[in-house]
Amino acid sequence: MLKRVLIANRGEIALRIIRACRELDIETVAVYSAADESALHAQLATRALCIGPARAADSYLNQEAILSAALAARCDALHPGYGFLSENPDFAHRCVQAGLKYVGPSGDVIRALGSKAAARTLAQKAGAPVVPGSDGPLKDVRQAQTLAEEVGCPVLLKASAGGGGRGMRQANSLQEVPRAWQEARAEAVACFGDGELYLEKLILNPRHIEFQIMADTQGHVVHLGERDCSIQRRRQKLVEESPSMALTPQLREEMGRAAVAVARAAGYVGAGTVEFVLSPGGQFYFIEMNTRIQVEHPVTELVTGVDLVKEQLRIAAGLPLSFSQEEVRVTGHAIECRVNAEDPERDFMPCPGTVSLLHLPGGPGVRVDTALYTGYEIPPYYDSLAAKVLAHAPTRLEAIRRMRRALEELIIEGCPTSAPLAHLIMHDAQFIRGQYDTGYLDQNLDRLLELARTCDRLMEEEP
Ligand code: ADP
């Protein structure tokens with residue numbers, strides 16, 4: 001097994017990795033920026049090293065500093081977590097060159113799947129359906145217009161290097177293609193330093209369904225069922241659940257098989273996620289494969305009982321998967337609500353602040369992954385995820401009830417969060433019926449927020 005792992009990340013995911021390592025008797029080396037001196041991950045690791053100033057570019061994205069720390073601390077492996085350098089093929093490659101085991105697929109695999117335009121081609125070859133659109137990247141706006149005419153509007157112009165819903169623009173008619181092209185390109189250059197675009201037909205009212213993949217170096221590739229991540233605000237996930245209400249056993253079987261085929265064709269090793277959009281008519285289309293552990297991985301852990309991070313570490317050590325496809329059993333239902341330090345009343349503006357009081361929910365079937373503590377000052381430099389609240393129960397309705405009471409127990413004082421909005425979603429008829437698609441939240445947000453305001457007003461009026 002591994003002896004000492006450097007964790008090239010921060011926040012809740014760094015803690016998650018530390019926990020898995022401790023249970024496996026692996027030492028951990030945390031790295032932290034000047035803004036994170038009092039962060040929990042720096043406290044809980046076996047050892048912690050400062051790697052630079054607050055700005056991510058100078059610390060958590062500083063490859064040189066991180067690799068030096070790993071070598072100085074004599075680590076034998078590196079876990080990148082999610083975000084930051086986790087999908088950077090050069091970094092994965094440099095880790096291996098420096099003699100470290102990289103917890104994830106090889107740099108070549110990350111590169112092949114990291115270009116979303118190229119990943120489409122790979123998926124197609126593996127026999128997975130892809131959204132009608134371009135074969136590889138687009139040359140110019142004229143080609144985009146020709147293709148848009150061919151597949152029919154509305155279409156999406158998407159950045160090959162895209163992520164987090166950025167670098168993506170919709171064109172509802174051929175006339176709108178040049179504007180969408182320009183905007184998508186500008187955003188792609190600004191966010192990813194790469195303006196390459198491809199085109200996909202916009203699937204109307206789809207679900208976002210993703211499959212968790214695990215693959216070892218012995219050639220075993222399995223999936224651990226799906227997560228439905230259709231509750232999104234502006235293409236960013238807010239609530240995830242498993243199993244999905246939208247899948248029949250047959251569809252699950254087909255999509256799982258397609259997901260495994262894509263991973264196999266890519267020569268995949270480690271934990272990965274194959275993402276699909278599913279049309280209301282039951283047609284599914286590959287959209288991308290993420291080559292890292294996902295924020296929402298605990299949903300799968302709760303329903304399958306598999307510790308995905310431990311499994312990642314085992315695979316990096318060269319051990320075979322500890323279970324087979326036949327041994328994967330989904331039990332009950334799990335829901336995750338992301339609690340972001342953002343103010344829904346101010347267009348979800350990130351609101352870092354000092355957590356003056358923290359109370360976390362507990363009890364049967366509840367899990368909270370967070371790096372917050374009372375007195376913690378949330379730094380303004382990084383993403384706004386403050387906590388992930390999860391509920392697991394025998395049935396979906398019980399899981400919804402459990403999530404409601406977990407969110408009612410949660411107290412984060414000092415900064416506004418998206419928790420009250422998540423609580424409202426857990427009471428919304430459409431969500432409870434499971435009848436929602438990726439447009440649900442954007443369409444219902446104003447109504448939900450108005451409801452919250454009315455409730456607040458009424459509560460204040462009470463004598
Ligand atoms: P990112 O890598 O930026 O997250 P994705 O390609 O995964 O981008 O897409 C993000 C979200 O955008 C999806 O979850 C889905 O809601 C929506 N989306 C992407 N492609 C399509 C499509 N062709 N049709 C409809 N919705 C799409």
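Start at 1 and go down the list; that is how both ligands and their atoms are numbered. FYI, side chains are in, hydrogens and waters are out, and symmetry mates aren't considered; it's all heavy atoms of this structure. Count residues from 1 along the sequence.
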*If you count the atoms of ligand 1 from 1 in the order shown, which ones are under 4.0 Å from a heavy atom of K201?*
22 (C), 23 (N), 24 (N)

*Which residue supplies the protein heavy atom nearest to atom 2 (O) of ligand 1, what is that atom called, and how far is it?*
E288 OE2, 2.7 Å

*Would you call the rings of H41 and Y60 parallel, tilted or perpendicular, where under 30° means parallel and over 60° means perpendicular?*
tilted

*Relative to the heavy atoms of E200, which atoms of ligand 1 are at a distance of less than 4.0 Å?*
20 (N), 21 (C), 22 (C), 23 (N)

*Starting from atom 12 (O) of ligand 1, which protein heavy atom do you reach first, and at what distance in Å?*
R235 CD, 3.0 Å

*Full working for side chain to side chain donor-acceptor pair (under 3.5 Å) between D228 and S230*: CA-CA 6 Å; D228 191 324; S230 306; 2.6 Å; yes

*Out of H223, E226, R227, which residue meets the side chain to side chain donor-acceptor pair (under 3.5 Å) rule with Q212?*
R227

*Does any N/O atom on G164 come nearer than 3.5 Å to any N/O atom on ligand 1?*
yes

*Residue and atom name of the nearest protein heavy atom (relative to atom 16 (O) of ligand 1), distance in Å to one decimal*: Q232 OE1, 2.9 Å

_Within 6.0 Å of OH in Y440, more than 12 heavy atoms from elsewhere_ = yes

_atom 21 (C) of ligand 1 [closest protein heavy-atom partner, distance rounded to 0.1 Å]_ = L156 CD1, 3.3 Å

*asked:* Only heavy atoms of G163, strictly under 4.0 Å: list the atoms of ligand 1 that pass.
replied: 1 (P), 2 (O), 3 (O)

*asked:* Under 4.0 Å, counting heavy atoms only: does K158 come that close to any atom of ligand 1?
replied: yes

*asked:* Is the contact between L202 and ligand 1 made by the side chain, the backbone, both, or neither, using heavy atoms and a 4.0 Å cut-off?
replied: both

*For atom 3 (O) of ligand 1, the protein heavy atom that lies nearest, with its residue and separation*: G165 N, 2.6 Å

*Which pairs, with at least one residue in residues 134-153 and sequence neighbours excluded, count as a side chain to side chain donor-acceptor pair (under 3.5 Å)?*
none

*Charged N to carboxylate O under 4.0 angstrom, D307 versus R16?*
yes

*Polar atom proximity, M168 to ligand 1 (N or O, under 3.5 Å)*: no

*Just let me know how T438 lines up against ligand 1, side chain, backbone, both or neither, with a heavy-atom cut-off below 4.0 Å.*
side chain

*Got a salt bridge between D446 and R453, using NZ or NE/NH1/NH2 to carboxylate O under 4.0 Å?*
no

*Could you go through the salt bridge (charged side-chain N to carboxylate O under 4.0 Å, His left out) check for E398 and R401 one step at a time?*
CA-CA 5 Å; E398 286 168 289; R401 282 186 180 279; over 6 Å; no

_Atoms of ligand 1 close to E275 [distance to a heavy atom under 4.0 angstrom, numbered from 1]_ = 7 (O)

*How does L204 reach ligand 1, by side chain, by backbone, by both or by neither, if only non-hydrogen atoms under 4.0 Å count?*
neither

_Name of the residue among V328, T331, V330 meeting side chain to side chain contact (heavy atoms under 4.5 Å, CB included) with V303_ = V330

*Which protein non-hydrogen atom lies closest to atom 26 (N) of ligand 1, naming both residue and atom, and how far is it?*
P206 CG, 4.0 Å

_Apply side-chain contact (heavy atoms from CB on, under 4.5 Å) to residues Q443 and Q430 and explain how you reach the verdict._
CA-CA 12 Å; Q443 285 151 22; Q430 243 175 289; 5.7 Å; no

*When you look at CD of E450, are more than 12 heavy atoms from neighbouring residues, nucleotides or ligands closer to it than 6.0 Å?*
yes

*Are V262 and Y268 side-chain neighbours, meaning at least one heavy-atom pair lies under 4.5 Å?*
no

*Write out the residue and atom name of the closest protein heavy atom to atom 13 (C) of ligand 1, then the distance separating them to 0.1 Å.*
H208 ND1, 3.7 Å

*For atom 8 (O) of ligand 1, find the nearest protein heavy atom and state the residue, atom name and distance (0.1 Å precision).*
K116 NZ, 3.1 Å

*Hey, does K237 sit under 4.0 Å from ligand 1 if you only count heavy atoms?*
no

